[in-house]
Amino acid sequence: MSETPSAPATPEPEGPAPRARAATEEGRSGPKVPKDAAPERKAGGPEPIPGGPPPAVPGRIDFGPDEPAPIRTATLWAALATGVLSLVLLGEGLAVNLLVVAVPATLAVYFAGRRAGRRPRPWALAWGVGGVALLTVPALRAAEWPSFLAVVTALGAGSLALHGGRTWPAVLLGPIGVFTSLVTGPAWGWQGLRERVGGDRDRLVPLLRALVVAAVLLFVFGALFAGADAAFADLLGALVPDVSVSDGPWRILLLALGLFGTLAAARTAAAPARWDRVQVPAGRARGRVEWALPLVGLVALFAVFNAVQLAVLFGGYDAVLKETGQTYAEYARQGFWQLLMATLLTLLVIVVALRWAPRTRSSDRTLVRGVLGTLCALALVVVASAVRRMDMYVEAYGLTRLRISVLTMELWLGLVIVLIMAAGVWGARWLPRAVAASAVAVVLAFGLASPDALIAERNVERYETTGRFDLPYAKGLSADAVPALDRLEEPMRSCALWDITEELDERRHIPWYATSWGEAEARRILDGRPPVAGASGPACGELGPEFYR
């Protein structure tokens with residue numbers, strides 16, 4: 001806007017000299033360019049926008065985060081609460097306490113995002129709800145391995161909620177985006193804290209001193225009152241975790257993780273990295289023969305293999321086993337891993353083919369959809385064959401953690417192929433987020449289904465049918481397997497449950513917020529009908545090899 005003549009006089013801002021002085025300087029040493037003057041725009045360059053950001057440099061994509069808005073006081077308090085709760089609650093394990101710690105962390109992110117003017121969008125809410133749902137897995141299941149997978153996936157879903165984005169770079173790089181704020185986030189929080197105390201140590205030191213004195217008073221008088229009254233001591237013991245001197249470094253680490261991690265997440269919410277700006281150059285389109293001939297040959301190979309699989313399915317396995325000389329279990333074990341690798345390679349072939357497929361004419365696009373759609377359909381038959389092989393494998397050898405994990409992965413790969421086929425019909429703009437959402441959903445379903453309980457259930461059914469049971473493997477399962485193992489007859493039941501009972505007895509001092517529902521249910525069953533004495537000794541060794549696989 002131009003300045004109106006009637007505007008009141010104001011002090012002249014710092015900048016170029018007046019015109020007369022400029023002319024004098026020009027006469028002495030040539031034209032003088034002010035320091036803050038913009039460089040001359042080259043021909044064909046972008047026009048600068050008045051009052052807006054500087055023009056983008058051709059060939060350079062800036063996807064880094066912007067400068068965040070100043071941190072709110074509510075964000076600082078929420079981050080501090082997250083750190084303190086992490087120190088107090090997370091030292092004994094993960095269960096309901098993880099959900100409790102997530103509450104102030106979520107509030108810190110919300111306050112930071114609102115201060116920056118961001119509004120939650122549908123996909124951001126979906127990622128956030130998915131992340132919170134994943135955090136319920138440790139609260140419900142005692143097994144550590146699906147809980148670990150759920151927590152890691154929850155962190156990825158939360159990062160996607162903070163960054164947003166709909167492209168493949170945004171979906172793939174979003175889960176690691178929060179790690180870029182682990183340094184800038186605490187610095188951002190410290191800057192906000194110094195602004196609130198005016199940068200004066202005379203105001204910060206009294207606050208810290210007051211907190212230390214309050215903690216000392218609460219500790220001293222709490223210990224005195226606990227020694228004076230047993231009921232108060234029991235109440236205090238239930239509310240306050242038992243912290244020893246040896247736990248000090250671990251507790252300090254939990255405090256740092258909770259505080260700094262929350263500040264990093266809040267700063268990301270205030271100024272996320274713009275991964276959608278990362279551009280992946282398109283591949284040079286190939287000719288029809290160069291592109292389609294290898295894929296047509298691969299489709300023909302898939303068709304022949306699937307025809308053999310259908311013949312085996314309808315003709316029975318006995319004839320195939322007789323011709324190959326393999327046993328039932330060997331045939332199943334040999335085929336599954338190769339078919340799993342074939343499914344992964346098929347997805348890779350589809351990605352590479354789409355990059356170099358011809359796309360200029362309508363006939364080219366029709367050919368791409370036809371060839372890749374046929375390949376996807378035949379790949380689904382391969383997935384079905386792999387799942388059937390794993391079912392045969394489980395019938396012969398029983399279910400294990402590795403087998404149920406790779407079977408779940410194979411089913412998810414089949415779902416990804418279905419999504420790719422749908423993208424070929426309705427467009428692929430939604431595909432990156434759909435694939436990521438399917439991964440979150442599969443991990444959540446896997447954890448809520450309780451893999452250890454499914455393993456025990458399937459192996460108990462196998463024992464009831466065949467009389468064979470892998471006792472050493474069953475003894476290594478978590479407390480989630482207790483309801484299924486409780487159905488076994490004695491002495492097998494006591495032999496399978498003895499080690500789990502001892503582990504639960506060692507964890508009786510664990511507070512309620514670090515105890516999962518699966519562990520509480522197992523303890524209830526075992527308290528009502530404990531294993532018989534001596535189940536870990538010679539009685540289990542005398543069962544004989546017929547009880548094992």
Side-chain angles (χ1 to χ4, degrees), residues 46 53-68 109 113 116 118-128 130-131 134 152-185 264-286 344-357 359 368 372 376 409 412-413 415-424 426-443:
V57 180
R60 177 182 177 185
I61 303 299
D62 184 14
F63 55 86
D66 299 329
E67 190 66 24
V109 168
R118 299 185 67 191
R119 298 293 184 270
R121 297 185 177 182
W123 268 104
L125 292 176
W127 294 127
L134 286 165
V152 172
T153 309
L155 293 177
S159 185
L160 288 174
L162 296 176
H163 287 91
R166 65 182 62 185
T167 62
W168 281 113
V171 171
L172 295 177
L173 299 177
I176 64 174
V178 176
F179 292 101
T180 61
S181 300
L182 287 177
V183 176
T184 57
R267 192 195 184 284
T268 303
R274 305 178 184 275
W275 299 115
D276 273 336
R277 295 182 178 179
V278 178
Q279 295 182 356
V280 179
R284 183 174 63 87
R286 306 292 179 177
L344 289 171
L345 291 178
T346 301
L347 289 174
L348 179 62
V349 168
I350 292 173
V351 171
V352 173
L354 286 174
R355 182 173 176 82
W356 283 284
R359 297 172 292 271
V368 170
L372 294 184
C376 288
M409 181 180 178
W412 176 67
L413 293 176
L415 177 60
V416 172
I417 292 175
V418 172
L419 293 175
I420 292 175
M421 295 176 67
W426 292 294
R429 187 177 183 182
W430 51 269
L431 182 61
R433 291 188 293 193
V435 172
S438 68
V440 171
V442 168
V443 172

Can you tell me how far the [atom1] atom of [X] sits from the [atom2] atom of [Y], to the nearest 0.5 Å?
X: Trp412; Y: Leu415; atom1: CH2; atom2: CG; result: 8.5 Å
X: Met421; Y: Ile350; atom1: CE; atom2: CD1; result: 9.0 Å
X: Thr346; Y: Leu372; atom1: OG1; atom2: CG; result: 11.5 Å

| query | Can Thr167 and Trp275 be counted as having a side-chain donor-acceptor contact under 3.5 angstrom? | reply | no

Distance-minimising heavy-atom pair for [X] and [Y]:
X: Ala270; Y: Ala116; result: O-CB, 3.4 Å
X: Val178; Y: His163; result: N-CE1, 3.7 Å
X: Ala428; Y: Pro432; result: O-CD, 3.7 Å
X: Ala434; Y: Leu419; result: O-CD1, 3.9 Å
X: Ala436; Y: Leu160; result: CB-CD1, 4.4 Å
X: Gly165; Y: Ala170; result: CA-CB, 3.7 Å

Treating [X] as the side-chain partner and [Y] as the backbone partner, does any N or O pair qualify as donor plus acceptor under 3.5 Å?
X: Ser159; Y: Leu155; answer: no
X: Arg118; Y: Leu162; answer: yes
X: Trp430; Y: Gly427; answer: yes

| request: Apply side chain to side chain contact (heavy atoms under 4.5 Å, CB included) to Leu347 and Ile420, showing your working. | output: CA-CA 9 Å; Leu347 289 174; Ile420 292 175; 3.7 Å; yes

| task | Test side chain to side chain contact (heavy atoms under 4.5 Å, CB included) on Trp168 and Leu431 and set out the steps. | result | CA-CA 9 Å; Trp168 281 113; Leu431 182 61; 4.0 Å; yes

